[in-house]
S.K.: 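There's a structure below that I have some questions on.
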Amino acid sequence: QVQLVESGGGLVQAGGSLRLSCAASGRTFSNYNMGWFRRAPGKERVFVAAISWSGARTFYADSVKGRGTISRDNAKNTVYLQMNSLKPEDTAVYYCAADTTALASGKYNYWGQGTQVTVSS
């Protein structure tokens with residue numbers, strides 16, 4: 001089992017920035033690809049970004065490309081999502097996920113509880 005705990009969400013004005021963190025425990029973190037997803041009010045959960053186990057490969061949804069940066073620190077068992085130039089449409093619950101094979105596509109096996117990001121206009 002892998003346990004994931006997100007943090008860093010909050011209320012921010014449009015144009016601002018946030019860095020989300022996801023701390024992992026339970027298994028060897030560096031064995032897992034990591035992803036960030038989000039669920040906006042009334043919508044389905046969608047892919048935001050992913051990073052391979054080594055950090056060598058990253059993927060982004062078009063909606064955040066150029067504004068978001070995913071990174072990881074395997075020594076700290078943590079993955080991050082830096083979001084800049086935030087827009088009201090970025091308002092959502094953000095989830096991190098872990099899997100040994102899924103990356104930009106595929107089914108992630110482990111999920112965190114999510115952290116709320118609200119962007120005011």
Side-chain angles (χ1 to χ4, degrees):
Q1 291 285 337
V2 177
Q3 291 80 43
L4 302 171
V5 179
E6 301 95 336
S7 61
L11 175 64
V12 63
Q13 288 189 330
S17 299
L18 278 177
R19 188 175 82 155
L20 306 182
S21 300
C22 173
S25 62
R27 292 282 179 92
T28 303
F29 180 67
S30 58
N31 287 346
Y32 290 84
N33 299 326
M34 300 297 296
W36 283 98
F37 294 75
R38 68 187 183 188
R39 189 196 304 271
K43 297 187 177 180
E44 294 186 351
R45 187 168 58 192
V46 297
F47 169 77
V48 175
I51 188 167
S52 62
W53 63 270
S54 66
R57 292 186 293 161
T58 57
F59 303 86
Y60 297 93
D62 287 344
S63 58
V64 303
K65 203 170 289 183
R67 301 187 299 122
T69 303
I70 188 171
S71 61
R72 67 189 295 160
D73 185 338
N74 285 347
K76 295 183 178 180
N77 292 350
T78 302
V79 63
Y80 305 96
L81 180 67
Q82 176 72 40
M83 290 286 293
N84 301 322
S85 302
L86 283 161
K87 306 174 183 179
E89 50 263 45
D90 294 317
T91 295
V93 177
Y94 284 72
Y95 301 89
C96 72
D99 196 80
T100 55
T101 55
L103 198 51
S105 60
K107 184 179 179 181
Y108 278 80
N109 203 15
Y110 301 102
W111 293 86
Q113 293 300 305
T115 185
Q116 176 71 47
V117 172
T118 303
V119 184
S120 63
S121 57

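By convention here, the first residue in the shown sequence is residue 1. What you are looking at is a predicted structure, and each value in this text was computed from that prediction instead of being measured.
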S.K.: Which residue pairs pass the disulfide bond (SG atoms under 2.5 Å apart) test when at least one of the two sits in residues 28-78, sequence neighbours left out?
M.R.: none
S.K.: Kindly write out the residues that satisfy side-chain hydrogen bond (donor to acceptor under 3.5 Å, both in side chains) with Ser30, not counting sequence neighbours, or none if the list is empty.
M.R.: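 In terms of side-chain hydrogen bond (donor to acceptor under 3.5 Å, both in side chains), with neighbours along the sequence ignored, Ser30 is linked to no residue.
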S.K.: Tell me the closest heavy-atom pair linking Ser120 and Leu11, and the distance in Å.
M.R.: CB-CD1, 4.3 Å
S.K.: To the nearest 0.5 Å, tell me how far Gln1 CD sits from Ser25 OG.
M.R.: 10.5 Å
S.K.: Closest heavy-atom contact between Tyr32 and Arg72?
M.R.: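 Reported closest heavy-atom pair: O-NH1, 2.8 Å.
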S.K.: Can you hop from Leu81 to Tyr95 via hydrophobic side chains spaced under 4.5 Å?
M.R.: no
S.K.: According to side-chain contact (heavy atoms from CB on, under 4.5 Å), who are the partners of Arg67, at least two apart in sequence or on a separate chain?
M.R.: Val64, Met83, Ser85, Lys87, Asp90
S.K.: What pairs of residues pass the disulfide bond (SG atoms under 2.5 Å apart) test when at least one of them lies in residues 91-121, not counting sequence neighbours?
M.R.: Cys22-Cys96
S.K.: Under 4.5 Å between side-chain heavy atoms, counting indirect links through other Ile/Leu/Val/Met/Phe/Trp/Tyr residues: same cluster for Tyr60 and Phe37 or not?
M.R.: no
S.K.: Given 3.5 Å as the limit, does a donor-acceptor pair link the side chain of Glu6 with the main chain of Gln113, or not?
M.R.: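 Yes, because the side chain of Glu6 sits within donor-acceptor range (under 3.5 Å) of the backbone of Gln113.
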S.K.: Suppose we screen for side-chain contact (heavy atoms from CB on, under 4.5 Å). Which residues come up paired with Val117, at least two apart in sequence or across chains?
M.R.: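 Val117 satisfies side-chain contact (heavy atoms from CB on, under 4.5 Å) with Leu18, Leu20, Tyr94, Val119 only.
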S.K.: Side-chain heavy atoms nearer than 4.5 Å, only ILVMFWY residues, links allowed to pass through others: does that put Val2 and Phe29 together?
M.R.: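 Same hydrophobic cluster.
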S.K.: Enter the distance from Asn77:CG to Gln3:CD here, rounded to the nearest 0.5 Å.
M.R.: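 Those atoms lie 11.5 Å apart.
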S.K.: Distance check, rounded to the nearest 0.5 Å: Ile70 atom CD1 versus Thr58 atom OG1?
M.R.: 8.0 Å
S.K.: Mind checking what makes side-chain hydrogen bond (donor to acceptor under 3.5 Å, both in side chains) contact with Gln82, not counting sequence neighbours?
M.R.: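 Once residues adjacent in sequence are excluded, the partners of Gln82 under the side-chain hydrogen bond (donor to acceptor under 3.5 Å, both in side chains) criterion are Asn84.
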S.K.: Rounded at 0.5 Å granularity, tell me how far CZ in Arg38 sits from OG1 in Thr91.
M.R.: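 Going from CZ on Arg38 over to OG1 on Thr91, the span is 9.0 Å.
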S.K.: I need the full list of disulfide bond (SG atoms under 2.5 Å apart) pairs touching residues 29-69, with sequence neighbours left out, sorted by first then second residue.
M.R.: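 Residue pairs with at least one partner in residues 29-69: there are none.
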S.K.: Who pairs with Thr78 by side-chain contact (heavy atoms from CB on, under 4.5 Å), at least two apart in sequence or on another chain?
M.R.: Ser21, Ala23, Lys76, Tyr80
S.K.: When you group the ILVMFWY residues by side-chain heavy-atom contacts below 4.5 Å and let the links chain together, are Val93 and Trp111 in the same group?
M.R.: yes
S.K.: Taking side-chain hydrogen bond (donor to acceptor under 3.5 Å, both in side chains) as the definition, give me every residue that meets it alongside Gln116, ordered by chain and number, with sequence neighbours left out.
M.R.: Thr118
S.K.: Quick one: side chains of residues 42-54, donor-acceptor pairs under 3.5 Å with protein atoms, not counting sequence neighbours, listed by atom name and distance.
M.R.:
unit_1	atom_1	unit_2	atom_2	d
Ser52	OG	Ala56	N	3.3
Ser52	OG	Arg57	N	3.0
Ser54	OG	Ala56	N	3.2

S.K.: Does Asp73 have any side-chain hydrogen bond (donor to acceptor under 3.5 Å, both in side chains) partners at least two apart in sequence or in another chain, and if so, which?
M.R.: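 By the side-chain hydrogen bond (donor to acceptor under 3.5 Å, both in side chains) rule, Asp73 matches no residue at all.
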S.K.: Once side chain to side chain donor-acceptor pair (under 3.5 Å) is applied, what residue pairs with a partner in residues 98-110 remain, sequence neighbours excluded?
M.R.: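 As it turns out, the side chain to side chain donor-acceptor pair (under 3.5 Å) pairs with a partner in residues 98-110, which skip direct neighbours, are Asp99-Thr101.
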